[in-house]
Amino acid sequence: MTEANKDAVDAITAQWYAVRPDLNTAPMALFGRIFRIEKAMTDAMERTYGRYGISRGEFDVVATLRRSGAPYTLSPRQLSATLMLTTGGMTGRLDKLEKAGLLARTPDPHDRRGLQVTITERGLALVDEAVTAGLETQREALAGLTDEEVGALTGLLRKLLAGLP
């Protein structure tokens with residue numbers, strides 16, 4: 001590897017090698033890069049969705065409703081389970097999105113104590129634009145890789161994820 005190809009993670013693992021040459025830092029190098037990629041992409045996606053007046057977390061809510069298919073309605077419990085959020089965290093997001101006119105909460109006709117959350121026409125239009133912009137941001141991030149490399153990396157990450165507890 002040339003000096004020009006080295007990154008901050010290489011510097012960290014080199015420091016560890018200098019003080020603990022007995023350590024195999026390959027896992028640190030891999031996960032260090034995954035963590036840095038996650039941070040960079042989280043920031044990029046927040047900027048992208050921010051252009052639409054929503055956060056990434058709020059995008060996740062309206063996107064979950066959108067991809068659920070017509071009539072684009074789920075219960076708050078279903079949304080919480082899908083997004084791995086507490087009910088309190090979900091309530092805050094729903095409040096903000098409802099106030100913005102992107103979704104509506106109505107009584108569940110099958111459960112007097114329950115609610116249904118439905119994306120509005122405005123929310124539907126917004127999420128369709130935002131998902132397109134988000135995919136473009138992700139494509140730009142992958143521009144340095146070939147389609148084959150993206151496919152190989154996707155497969156390896158899927159295998160890694162499947163093996164985690």
Side-chain angles (χ1 to χ4, degrees), residues 7 9 27 29-165:
D7 62 17
V9 176
L30 175 70
F31 287 104
R33 287 184 177 92
I34 290 172
F35 297 149
R36 286 167 184 260
I37 291 166
E38 189 276 334
K39 171 72 170 111
M41 288 309 299
T42 294
D43 292 348
M45 298 310 287
E46 285 289 352
R47 286 189 300 275
T48 297
Y49 298 140
R51 296 193 316 251
Y52 298 90
I54 57 174
S55 69
R56 193 182 114 214
E58 293 157 356
F59 169 83
D60 288 344
V61 173
V62 291
T64 299
L65 289 166
R66 173 65 168 113
R67 70 175 190 265
S68 73
Y72 313 113
T73 300
L74 295 170
S75 72
R77 180 170 290 158
Q78 289 170 311
L79 282 166
S80 293
T82 300
L83 298 173
M84 298 182 295
L85 281 175
T86 64
T87 54
M90 180 56 65
T91 299
R93 288 185 191 179
L94 294 178
D95 288 346
K96 184 171 180 195
L97 291 165
E98 186 173 38
K99 186 175 182 181
L102 302 177
L103 59 80
R105 287 183 275 198
T106 57
D108 185 335
H110 307 293
D111 179 358
R112 289 187 341 195
R113 296 172 295 159
L115 290 174
Q116 291 182 325
V117 180
T118 305
I119 195 169
T120 63
E121 287 298 320
R122 181 173 176 213
L124 194 60
L126 181 134
V127 75
D128 281 350
E129 285 185 43
V131 73
T132 301
L135 284 168
E136 182 56 32
T137 297
Q138 292 167 350
R139 269 192 288 280
E140 289 170 6
L142 295 172
L145 301 176
T146 66
D147 289 344
E148 292 78 21
E149 288 170 329
V150 171
L153 183 57
T154 299
L156 290 169
L157 291 171
R158 180 183 299 112
K159 185 176 179 180
L160 175 62
L161 184 59
L164 294 176

**Prompt:** Charged N to carboxylate O under 4.0 angstrom, Asp7 versus Arg33?
**Reply:** yes
**Prompt:** Atom CZ in Arg93, atom OG in Ser80: separation rounded to 0.5 Å?
**Reply:** 9.5 Å
**Request:** May I have all residue pairs that pass side chain to side chain donor-acceptor pair (under 3.5 Å) and include part of residues 83-92, sequence neighbours excluded?
**Result:** none
**Item:** Counterpart residues, side-chain contact (heavy atoms from CB on, under 4.5 Å), relative to Gln138 (two or more places apart)
**Value:** Met41, Met45, Leu135
**Asked** Salt-bridged, Lys39 to Asp43, with N to O below 4.0 Å?
**Response** yes
**Message:** Checking Thr82 against Gln78: is there a side-chain donor and acceptor pair closer than 3.5 Å?
**Reply:** no
**Residues that Glu46 engages under salt bridge (Lys or Arg N to Asp or Glu O under 4.0 Å), provided they are two or more places apart** = none
**Worked verdict on Glu121 versus Leu102 for side chain to side chain contact (heavy atoms under 4.5 Å, CB included)** = CA-CA 8 Å; Glu121 287 298 320; Leu102 302 177; over 6 Å; no
**Message:** Test of understanding: with side-chain contact (heavy atoms from CB on, under 4.5 Å), list the residues that count as partners of Ala81, not counting sequence neighbours.
**Reply:** none
**ring pair (Phe, Tyr, Trp, His ring centres under 6.0 Å) contacts in which one or both residues fall within residues 54-89, not counting sequence neighbours** = Tyr49-Phe59
Identify each donor-acceptor pair in which a side-chain atom of residues 153-165 lies under 3.5 Å from a protein atom, sequence neighbours left out, and give them as a table.
| from | atom 1 | to | atom 2 | distance (Å) |
| --- | --- | --- | --- | --- |
| Thr154 | OG1 | Val150 | O | 2.8 |

**Message:** I'd like to know if Asp111 and Arg77 make a salt bridge, using a cut-off of under 4.0 Å between side-chain N and carboxylate O.
**Reply:** no
**Item:** Other residues, nucleotides, ligands: >12 heavy atoms within 6.0 Å of Arg139 CZ
**Value:** yes
